[in-house]
Chemist: 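Take this structure first; my questions come after.
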Amino acid sequence: MGPAVVTAVLLLVGIINSVTALNNQEAHKMCSHQHIHMYGDFWTSYNQGRVMRYFDTPKTFQEAKAQCNSIHSELVSVHNQHQMNNAVCMSMYFSATRGQHFWIGAQRSGSGFKNEDGTEFKFTNWSPHQPDNARGTESCIEANFGGLGKWNDLNCKTKRAFLCVKKTAAICSDEFNQCLRRQKMN
């Protein structure tokens, strides 16, 4: 290998390492403000009255959806930046490979997208130049593409980690731990 090739490879490795370090720094800064409260069997607080669980084993979109349904939950639908940050932090805390791509519960419907839970699809967090429906085969949405929490449309048969969300037994206030203590007492 000539000196020019070695220099190019080292430069590329340096760029990748600096981008990874920046993403890890961004994630650490963002996630240090997130309060993740555990709720038995790896479920954590997501938003008012709902808990979330991260699954590191990659599955197709349909397999992930089926696994969520089998535990009385659904793939996470994201409705605002705060929820997206919660999902990203879950992927950072519980993923074997920090910042790995994961499915969210939305897919193409006609000329737009729909949330799997039936709620209106308003919030988006697309990576630049996405969605692009490359080769006309990309109908599902992954997060952590090209940046923490950024979205990409992807072929649904691709395997990704995923997040499931379900309602808790009671509607909880922002003081999630107090609500959980009340639930456990009842």
Side-chain angles (χ1 to χ4, degrees), residues 12-13 15-27 29-31 34 44 46-47 50-167:
L12 182 59
V13 168
I15 290 170
I16 290 169
N17 285 339
S18 67
V19 168
T20 302
L22 178 62
N23 282 344
N24 286 338
Q25 288 172 355
E26 288 175 38
K29 182 178 178 183
M30 179 179 67
C31 295
Q34 300 291 340
T44 65
Y46 177 56
N47 65 358
R50 293 166 46 130
V51 291
M52 171 173 47
R53 184 173 175 184
Y54 180 82
F55 290 87
D56 207 24
T57 303
K59 296 194 179 287
T60 67
F61 186 85
Q62 290 303 327
E63 291 169 342
K65 184 177 169 180
Q67 182 163 344
C68 288
N69 292 162
S70 76
I71 54 174
H72 309 291
S73 63
E74 56 202 19
L75 283 171
V76 65
S77 292
V78 181
H79 304 285
N80 56 51
Q81 190 61 52
H82 178 72
Q83 290 178 357
M84 189 69 245
N85 292 351
N86 280 346
V88 167
C89 290
M90 285 290 292
S91 75
M92 295 301 290
Y93 289 142
F94 295 103
S95 172
T97 54
R98 304 252 187 264
Q100 119 176 344
H101 300 203
F102 59 89
W103 290 124
I104 61 171
Q107 63 179 318
R108 194 173 301 282
S109 177
S111 62
F113 288 85
K114 67 173 182 144
N115 285 320
E116 290 294 305
D117 65 2
T119 58
E120 194 172 356
F121 186 84
K122 284 184 173 180
F123 174 78
T124 63
N125 202 31
W126 296 110
S127 189
H129 312 293
Q130 296 300 326
D132 63 358
N133 197 18
R135 294 178 290 289
T137 63
E138 298 184 336
S139 295
C140 295
I141 301 176
E142 68 172 338
N144 283 352
F145 174 83
L148 292 173
K150 294 298 182 187
W151 297 1
N152 172 51
D153 57 337
L154 187 68
N155 186 304
C156 301
K157 293 180 182 177
T158 305
K159 293 191 176 195
R160 292 285 182 251
F162 57 98
L163 292 161
C164 297
V165 174
K166 68 179 177 178
K167 292 180 182 177

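Below, all heavy atoms of this structure are taken into account, side chains as well, without hydrogens, waters or symmetry copies.
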Chemist: Between Asn80 and Met84, is there a donor-acceptor pair closer than 3.5 Å when you use the side chain of the first and the backbone of the second?
Modeler: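 A pair under 3.5 Å: no.
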Chemist: Is the shortest heavy-atom distance from the side chain of Thr44 to the side chain of Tyr93 under 4.5 Å?
Modeler: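 No, their side chains stay 4.5 Å or more apart.
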Chemist: Any side-chain heavy atom of Pro131 sitting closer than 4.5 Å to one from Phe113?
Modeler: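 Sidechains of Phe113 and Pro131: in contact.
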Chemist: Gly149 and Asn125: which non-hydrogen atoms are nearest, and at how many Å?
Modeler: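 Here Gly149 and Asn125 meet closest at O-ND2, 2.6 Å.
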Chemist: The criterion is salt bridge (charged side-chain N to carboxylate O under 4.0 Å, His left out); which residues satisfy it with Lys65, sequence neighbours excluded?
Modeler: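 With neighbours one apart ignored, the set is Glu116.
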Chemist: Working to the nearest 0.5 Å, report the span between CD of Gln107 and CD of Gln62.
Modeler: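 Rounded to the nearest 0.5 Å, the CD-CD separation comes out at 6.0 Å.
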Chemist: Supply the atom-to-atom distance Gln100 CD to Tyr54 OH, rounded to the nearest 0.5 angstrom.
Modeler: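 Atom-to-atom, Gln100:CD and Tyr54:OH are 3.5 Å apart.
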Chemist: Looking only at heavy atoms, which two atoms of Gln67 and Phe162 are closest? And how far apart?
Modeler: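 Where Gln67 meets Phe162 most closely, the heavy atoms are OE1-CZ, 3.6 Å.
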Chemist: About how many Å separate SG of Cys68 and CE of Met52, when rounded to the nearest 0.5 Å?
Modeler: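 So the gap between those two atoms works out to 11.5 Å.
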Chemist: In Å and rounded to the nearest 0.5 Å, what is the CG to CE distance from Leu148 to Met92?
Modeler: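 Between Leu148 CG and Met92 CE, I get 6.0 Å after rounding to 0.5 Å.
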Chemist: Could you tell me the separation between the CD1 atom of Ile141 and the NE2 atom of His101, rounded to the nearest 0.5 Å?
Modeler: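 NE2 of His101 is found 14.5 Å from CD1 of Ile141.
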Chemist: Please examine the side chains of Lys159 and Lys59, heavy atoms only from C-beta on, and report whether any two atoms are closer than 4.5 Å.
Modeler: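 No, every pair of side-chain atoms sits at 4.5 Å or beyond.
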Chemist: How about Leu154 and Phe61: do any of their side-chain heavy atoms sit closer than 4.5 Å?
Modeler: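 No, too far: nothing below the 4.5 Å cut-off.
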Chemist: Taking C-beta and beyond as the side chain, do Ile104 and Gln83 meet within less than 4.5 Å on heavy atoms?
Modeler: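 Side-chain contact under 4.5 Å: no.
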Chemist: Using the ring pair (Phe, Tyr, Trp, His ring centres under 6.0 Å) criterion, which residues pair with Phe102? Sequence neighbours excluded.
Modeler: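 Result, ring pair (Phe, Tyr, Trp, His ring centres under 6.0 Å) vs Phe102: none returned.
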Chemist: Minimum heavy-atom separation for Thr119 to Ser77, with atom names?
Modeler: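 So the two residues come closest at OG1-CB, 4.5 Å.
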Chemist: When rounded to the nearest 0.5 angstrom, what distance separates CG in Asn144 from CG in Asn152?
Modeler: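 Reported value, rounded in 0.5 Å steps: 11.5 Å.
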Chemist: Compare every heavy atom of Ser73 with every heavy atom of Asn69, then report the nearest pair and how far apart it is.
Modeler: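 Minimum heavy-atom contact is ND2-O, 3.0 Å.
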Chemist: Which disulfide bond (SG atoms under 2.5 Å apart) pairs, counting each pair once, include a residue from residues 106-148, with sequence neighbours left out?
Modeler: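 Counting only pairs at least two positions apart or across chains, the disulfide bond (SG atoms under 2.5 Å apart) contacts touching residues 106-148 are Cys140-Cys156.
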Chemist: Below 4.5 Å, heavy atoms only, C-beta onward: do Val51 and Lys166 meet side chain to side chain?
Modeler: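 Sidechains of Lys166 and Val51: in contact.
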Chemist: Please list all pairs meeting salt bridge (Lys or Arg N to Asp or Glu O under 4.0 Å) that have one or both residues in residues 138-157, counting only residues at least two apart or in different chains.
Modeler: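 Matches after skipping sequence neighbours: Arg108-Asp153, Glu142-Arg160.
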Chemist: With sequence neighbours excluded, tell me which residues meet side chain to side chain contact (heavy atoms under 4.5 Å, CB included) with Thr137.
Modeler: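 With neighbours one apart ignored, the set is Arg135, Asn155.
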Chemist: Just grab all the ring-ring contact (aromatic ring centres under 6.0 Å, His included) pairs involving residues 131-151, residues at least two apart or on different chains.
Modeler: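 As it turns out, the ring-ring contact (aromatic ring centres under 6.0 Å, His included) pairs with a partner in residues 131-151, which skip direct neighbours, are Phe123-Trp151, Trp126-Trp151.
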